[in-house]
Amino acid sequence: MAQEDVFKKIVAHCKEYGFVFPSSDIYDGLAAVYDYGQNGVELKNNIKQYWWQSMVLLHDNIVGIDSAIFMHPTIWKASGHVDAFNDPLIDNRDSKKRYRADVLIEDEIAKYDEKIDKEVAKAAKRFKENFDEAKYRATSPRVIELQEKRDALHARYSAAMNAMDLNELRQIILDEEIVCPISGTRNWTEVRQFNLMFSTEMGSTADGAMKVYLRPETAQGIFVNYLNVQKTGRMKVPFGIAQIGKAFRNEIVARQFIFRMREFEQMEMQFFVRPGTEMEWFSKWKETRMKWHQVLGFGADHYRFHDHEKLAHYANAATDVEFLMPFGFKEVEGIHSRTNFDLSQHEKYSGKSIKYFDPETNESYTPYVIETSIGVDRMFLSVMCAAYTEEQLENGETRVVLKLPAALAPVKLAVLPLVKKDGLPEKAREIVNDLKFHFNTIYDEKDSIGKRYRRQDAVGTPYCVTVDHDTLNDNCVTLRNRDTMQQERVAISDLNGIIADRVSITSLLKKLQ
Ligand code: GAP
């Protein structure tokens, strides 16, 4: 099945099974804004818990905060967001549609890549086992020609982006004869800068309303609380501050479902270190964060680092953790060495000293910062994409199963009475009432047992127990494993012991140690 179709199925599955709904659905939705349903919110909360506990519980030098979404507007001047948090946009005069100029060009580069891949795939089919891909790529005149065009375009585009040369970006669009996907014309406007921050007004106009922004990242809430936390927590460098919260960006091109949203959630940690030690900490955090991802068990081949060629003016190193989505390797998390830029800027704009006196070296300095920043929604999407599986069964049926790590699954155990009579529902409810204090346990009696298993497979429930007539005599139930579909007879009194450990976040955290 084409990867595009797989992705469509995942999006449809998210809606059908109560994971993600378009926001304002009965009003036909609101672009790039989504709501999480009854299963989605559980999965999302488990992801957040896994991150929070790995940061705050496992590190005695990391503490958490929860700062407000509204902040003093000068913060965004100091951070550079007012002046430089822009995307280059271009309009098509015929369709009246607005696009990101950089995205139009990147899509064009991707088209060259696709053409090259098609040539290679065709040759592989033709030459079968004798095919030497590296040799073919190096010698095929068609592939060489496409590769040269692609590289030249990439070089020109990178130079234009580095210089933020808006005229050159437009010229590339014209030279490459890129057309508007809606109107099919090349009737483009100039390229303009578009600030991504949403703004609103605080206070009544009579009192003199103040323009405030919805935060585009949670990080600044940590920077401006650095002194509060360092002093009240008597924190010693190196130490970190973690935060999970909403962020807002007026993305021009919002696509790929919850990959790029206008309202989303971030899990960010700023780690304050002594100047000169930042590169050492940068590699430590790269390693720590990659392990956090890989412990989920989707396979190391699903992840890679992508080091930034172009660094923001305040950064001295940056990398992305990319995940293999059905639409290619995409950024899920950023790890950035941000120097002392943010704290120095807040020192300058607020007029307050943010220096740290280091008792070990007897020096005062503005700490350097390593940031780890991951989007909850992108993480959610990566987990859904990796977990979504269609299995062909021996009887010819297809089973859709979400192979979620048990610790992240919305529901851990479904208790199913075989029939809706003979005291089986009562026995099943007894089990639920006992186990619900330990993990998310649900009761389901509707439809045949086979249909109920399928329903639980589709939402990723790792275990089901069936209460049958024998249960009333022997106090045992049939425990079914989601992935293997194997069933075993176990005593009701053993259920908590068997399941609790395997479905707890602690089971993941222990693997991180
Ligand atoms: N404080 C640094 C920062 O915000 P970023 O690379 O702009 O860095 C960090 O964002 C992470 O936030 C990204 O790796 C991504 O997971 C998530 N993210 C950013 N923009 C997003 C959007 N429009 N929709 C969903 N997630 C987004």
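Read the numbers this way: they start at 1 and go in the same order the structure lists the ligands and their atoms. If you read the sequence from its start, that first residue is 1, and numbering goes on from there. Computed from a prediction, not measured in an experiment: that's the story for all the values here.
Formation of a donor-acceptor pair under 3.5 Å by the E322 side chain with backbone atoms of K330 is not found in this model. Proximity of a side-chain donor or acceptor of N440 to a complementary backbone N or O of P410 within less than 3.5 Å is detected.
Side-chain contact annotation: D151 with Q147, donor-acceptor N/O pair under 3.5 Å present.
A distance of 6.0 Å or more separates the ring centres of H306 and F329. Aromatic rings of H313 and F341 (six-membered ring for Trp) have centroids within the 6.0 Å cut-off, being under it.
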Anything under 3.5 Å between a donor and an acceptor, one on a side chain of residues 26-44, the other on a protein residue two or more places apart or in another chain? List them.
from: Y36; atom 1: OH; to: D377; atom 2: OD2; distance (Å): 2.6
from: N39; atom 1: ND2; to: Y17; atom 2: O; distance (Å): 2.8
from: K44; atom 1: NZ; to: E265; atom 2: OE1; distance (Å): 2.7

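Ordered by chain and residue number, the residues placing a heavy atom less than 4.0 Å from ligand 1 are E217, A219, R249, E251, F259, R260, M261, F264, Q266, E268, E331, V332, E333, G334, H336, R338, E371, S373, G375, R378.
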